[in-house]
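When reading the values below, keep in mind they use all heavy atoms of this one structure, side chains included, and skip hydrogens, waters and symmetry mates.
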Amino acid sequence: MTIKNTEKVSKIKKIFFLVSILIALGILALFLLDHVLLALAGLGVFSIWYLYFHVADYQYIEYSDDADKIILRYYKVISFTGKAYNSIEFPKYRLRKALFEDSFFGKLSDLTLVIKTDRGIAEYPVVSLAGLTIEDRERIQESLNSIIKN
């Protein structure tokens with residue numbers, strides 16, 4: 001099974017940048033019209049807008065459990081410092097736990113994978129699944145849980 005969220009994160013990215021540009025133009029117009037307090041309030045709105053996307057941590061996700069390996073590729077959708085491509089790849093038999101943590105009324109979800117290595121137990125960094133649909137999150141959870149049971 002392969003799951004990708006390319007279309008959804010593309011829409012999220014477009015919405016983020018479009019609204020950010022509109023807010024910035026509004027702030028600029030308010031400054032030019034000498035409405036400094038309203039412009040500062042606009043900066044506050046932009047800060048909340050940016051903070052939401054920073055906390056939500058929308059990521060492009062490509063999950064595959066085909067063959068004998070689990071492959072999870074991901075990177076942040078909204079990033080001003082450039083894209084940091086990350087990949088998790090390991091044989092299925094090494095998977096020990098898949099921890100799913102939901103927050104913000106189930107809208108945001110994080111995944112932590114725990115595997116058995118030659119030196120003991122290792123935990124991969126947390127991957128945000130906020131950019132996936134709820135159905136895709138459930139499919140990944142069912143897939144990982146079935147691998148753990150076997």
Heavy-atom neighbours of [X] [atom1] exceed 12 at 6.0 Å:
X      : atom1 : answer
Lys69  : NZ    : no
Ile121 : CD1   : yes
Glu7   : CD    : no

Donor-acceptor pair, [X] side chain versus [Y] backbone, under 3.5 Å?
X      : Y      : result
Thr2   : Ser64  : no
Asn5   : Tyr60  : no
Ser20  : Phe16  : yes
Lys76  : His54  : no
Asn145 : Gln141 : yes
Asp65  : Met1   : yes
Ser47  : Leu43  : yes

> Between Leu95 and Leu113, is a side-chain contact (heavy atoms from CB on, under 4.5 Å) present by the stated rule, with each step listed?
Replying inline: CA-CA 7 Å; Leu95 182 64; Leu113 297 172; 4.1 Å; yes
Taking a hydrophobic cluster as the set of Ile, Leu, Val, Met, Phe, Trp and Tyr residues connected by side-chain heavy atoms closer than 4.5 Å, whether directly or through intermediates, do [X] and [Y] fall within one such cluster?
X     : Y      : answer
Ile23 : Leu40  : yes
Leu28 : Leu38  : no
Tyr93 : Ile148 : no
Ile12 : Tyr85  : yes
Ile78 : Tyr74  : no

> Does the salt bridge (Lys or Arg N to Asp or Glu O under 4.0 Å) test come out yes or no for Asp66 and Lys92, once each step is laid out?
Replying inline: CA-CA 10 Å; Asp66 299 332; Lys92 288 181 181 180; over 6 Å; no
Might you point out which heavy atoms bring [X] and [Y] nearest each other, and give the distance in Å?
X      : Y      : value
Ile71  : Glu89  : CG1-CG, 3.7 Å
Ser109 : Asp102 : OG-OD1, 3.0 Å
Ala130 : Arg137 : O-NH2, 3.6 Å
Arg139 : Ile3   : NH2-CG1, 3.6 Å
Leu132 : Lys8   : O-NZ, 3.5 Å
Ser128 : Ala56  : OG-O, 3.3 Å

To the nearest 0.5 Å, what is the distance between [atom1] ([X]) and [atom2] ([Y])?
X      : Y     : atom1 : atom2 : value
Leu111 : Ile88 : CG    : CD1   : 7.5 Å
Ile115 : Lys97 : CD1   : NZ    : 14.0 Å
Leu108 : Asp57 : CG    : CG    : 9.0 Å
Ile147 : Ile70 : CD1   : CD1   : 3.5 Å
Ile15  : Trp49 : CD1   : CH2   : 7.0 Å

Compare all side-chain heavy atoms of [X] with those of [Y] and state whether any distance is below 4.5 angstrom.
X      : Y      : answer
Phe100 : Asp110 : no
Gln59  : Val9   : no
Glu123 : Thr112 : yes
Thr117 : Arg96  : no
Tyr63  : Leu144 : yes

>> Taking ring pair (Phe, Tyr, Trp, His ring centres under 6.0 Å) as the cut-off, I'd like each qualifying pair that reaches into residues 107-150, sequence neighbours left out, listed once.
In response: Phe90-Tyr124
>> Aromatic contact between Tyr58 and Phe53, with the criterion being ring centroids under 6.0 Å apart: yes or no?
In response: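 Centroid separation for Tyr58 and Phe53: below 6.0 Å.
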